[in-house]
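Okay, so here's the structure we're looking at.
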Protein chains: 2
Amino acid sequence: MRLSEGVEWTVHCCTMLAGLPPDKAMSAKKLAEFFDVPPDYLAKHMQQMSKAGIVQTKKGPNGGYSLAKPARDITLLDMVEAIDGRICSFKCTEIRQRGPSGVSPCQYKTPCGIARAMRKADQVWRDELRKTTLFDLQMIGLTETPPEQMNKAITWLKGLFK
Amino acid sequence: MRLSEGVEWTVHCCTMLAGLPPDKAMSAKKLAEFFDVPPDYLAKHMQQMSKAGIVQTKKGPNGGYSLAKPARDITLLDMVEAIDGRICSFKCTEIRQRGPSGVSPCQYKTPCGIARAMRKADQVWRDELRKTTLFDLQMIGLTETPPEQMNKAITWLKGLFK
DNA sequence: TAATAGCGGATATATTTTATCCGTTATTTA
DNA sequence: TAAATAACGGATAAAATATATCCGCTATTA
Ligand code: SF4
Ligand code: SF4
């Protein structure tokens, strides 16, 4: 019951992209360098973000990733689901149909109470994630990032786009 | 991001125990037989339920598991946490401290916005699971279980306690 | 035309989940 | 009192999943 670490990576990447000058893109390689994570693996994750329509891509030199839409229109749920999918965290293996008391599948009309409660909880979890947008995260980052880190990051970015 | 199947098993087992005649217990072996799951593995899970104080145990012949408290006082969350633990589904690896912009750990005073939003979502998920009790599940089971299955189950249980 | 960059598929490695086994202690029944 | 039952804990083993790398391909830019 744990989110893949790719979620942490890609959300950070999107926050980075949200702060980029307009019309600028950042390659997976550079993102990986900035966050000190495995470049090829991060690239895989970013490709999922691309397929999910969260980021857009540009090939070739000076290409890379940029947001596909305004940060206000990208929710934390969008990013989580792009990496970890939309399937409910509870997977019913229908054990009620097995064993000495099992009867034919057609007699089970509805998902049982257990599955319903689990799905409801999964739903409220997703609803909560939907409330936070990338814009929110960007604002929090801008106000809470230690000044020293902010300066270092800006310097590093200037070197990138010089 | 998936709950272990032990959750499904043990919740079913607890529902079974909730329906048992008072002063009766059911062994892991019998529970496994009823639900057609691996006996040793189910036993491991039931031991976790025991450690969590959800079920009580009795050794020796005619021993086994029974509820440690009224079904109304056992929540779905209790059972989920007994198996899958209480740690938040989002694990932050502190990548903000790495790479060319990282600064010393003491400069990060609060968990960042990402971690906070994730923990909040985790919280509402647990809050929702807390709303359903074993008693609720028992009632739903009693009203929704197909009659044929109910009869088979009762017959099987009579054989057990004859 | 050379270098860059995303993409998809194949593969390797690590970690976690699932499952089994065994020796121990406690309890009941015969 | 002996034999059977059952929980418990620890040690593995097997399977599945998550993590990570690599390669050839196409598109784009300078
Ligand atoms: S009773 Fe619910 S959780 Fe159990 S097997 Fe059926 S659908 Fe799954
Ligand atoms: S910014 Fe948040 S998610 Fe990212 S490393 Fe720090 S605490 Fe973790």
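Below, each value reflects all heavy atoms present in this structure, side chains not excepted, and no hydrogens, waters or symmetry copies. The chains referred to below are lettered A, B, ... by the order of the sequence lines, with proteins before strands, and numbering in each begins at 1.
- Atom CZ in Phe161(B) sits about 15 Å away from atom C1' in dT5(D), given to the nearest Å.
- For the pair Asp40(B) CG and dT12(D) P, the interatomic distance rounds to 17 Å; values are reported in whole Å.
- Whole-Å rounding puts the Gln48(A) CD to dG9(C) C1' distance at 14 Å.
- In this structure, Tyr41(B) atom OH and dA16(D) atom P are separated by 13 Å, rounded to whole Å.
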- Would you give a per-nucleotide map of nucleotides 25-30 of chain D, 5' to 3', where B means the base has a protein non-hydrogen atom under 4.0 Å away, S means only the sugar-phosphate does, and - means neither? -BBBBS
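- Under the 3.5 Å distance criterion, with hydrogens and angles disregarded, a donor-acceptor pair is assigned to the side chains of Ser101(A) and Gln149(B).
- Distance His45(A) NE2 to dG8(C) P: 15 Å, rounded to the nearest Å.
- One donor-acceptor pair, N or O on each side, does fall under 3.5 Å between the base of dG9(C) and the side chain of Lys44(A).
- Side chains of Glu148(A) and Gln107(B): a donor on one and an acceptor on the other come within 3.5 Å.
- A salt bridge does not link Arg119(B) with Asp122(B): none of the charged nitrogens is closer than 4.0 Å to a carboxylate oxygen.
- Distance alone, capped at 3.5 Å, places no donor-acceptor pair between the Ser50(B) side chain and the Met46(B) backbone.
- In this structure, Gln47(B) atom CD and dT24(C) atom P are separated by 17 Å, rounded to whole Å.
- Note on Arg116(A) versus Glu144(B): salt bridge recorded, some NZ/NE/NH1/NH2 to OD/OE distance being below 4.0 Å.
- As a whole-Å value, the separation of Asp84(B) CG from dT17(C) C1' is 10 Å.
- Along DNA chain D, the nucleotide nearest Thr57(B) and the nucleotide nearest Pro38(A) are compared for position; the residue whose nucleotide lies closer to the 5' end is Thr57(B).
- Near DNA chain C, meaning a heavy atom under 4.0 Å away, the residues from residues 4-28 of chain B are Ser4(B), Glu5(B), Trp9(B).
- For the side chain to side chain contact (heavy atoms under 4.5 Å, CB included) criterion with Met49(A), the lone passing option out of Val11(A), Ile54(A), Thr57(A) is Ile54(A).
- Atom CG of Leu42(B) and atom P of dT20(C) are 11 Å apart (whole Å).
- Using a 4.0 Å cut-off between a side-chain N of Lys or Arg and a carboxylate O of Asp or Glu, Arg126(A) and Glu128(A) do not qualify as a salt bridge.
- At distances below 3.5 Å, at least one donor-acceptor pair connects side-chain atoms of Lys152(B) with backbone N or O atoms of Gly102(A).
- For the salt bridge (charged side-chain N to carboxylate O under 4.0 Å, His left out) with Glu94(B), the qualifying choice from Lys91(B), Arg96(B), Arg98(B) is Arg96(B), the only one to do so.
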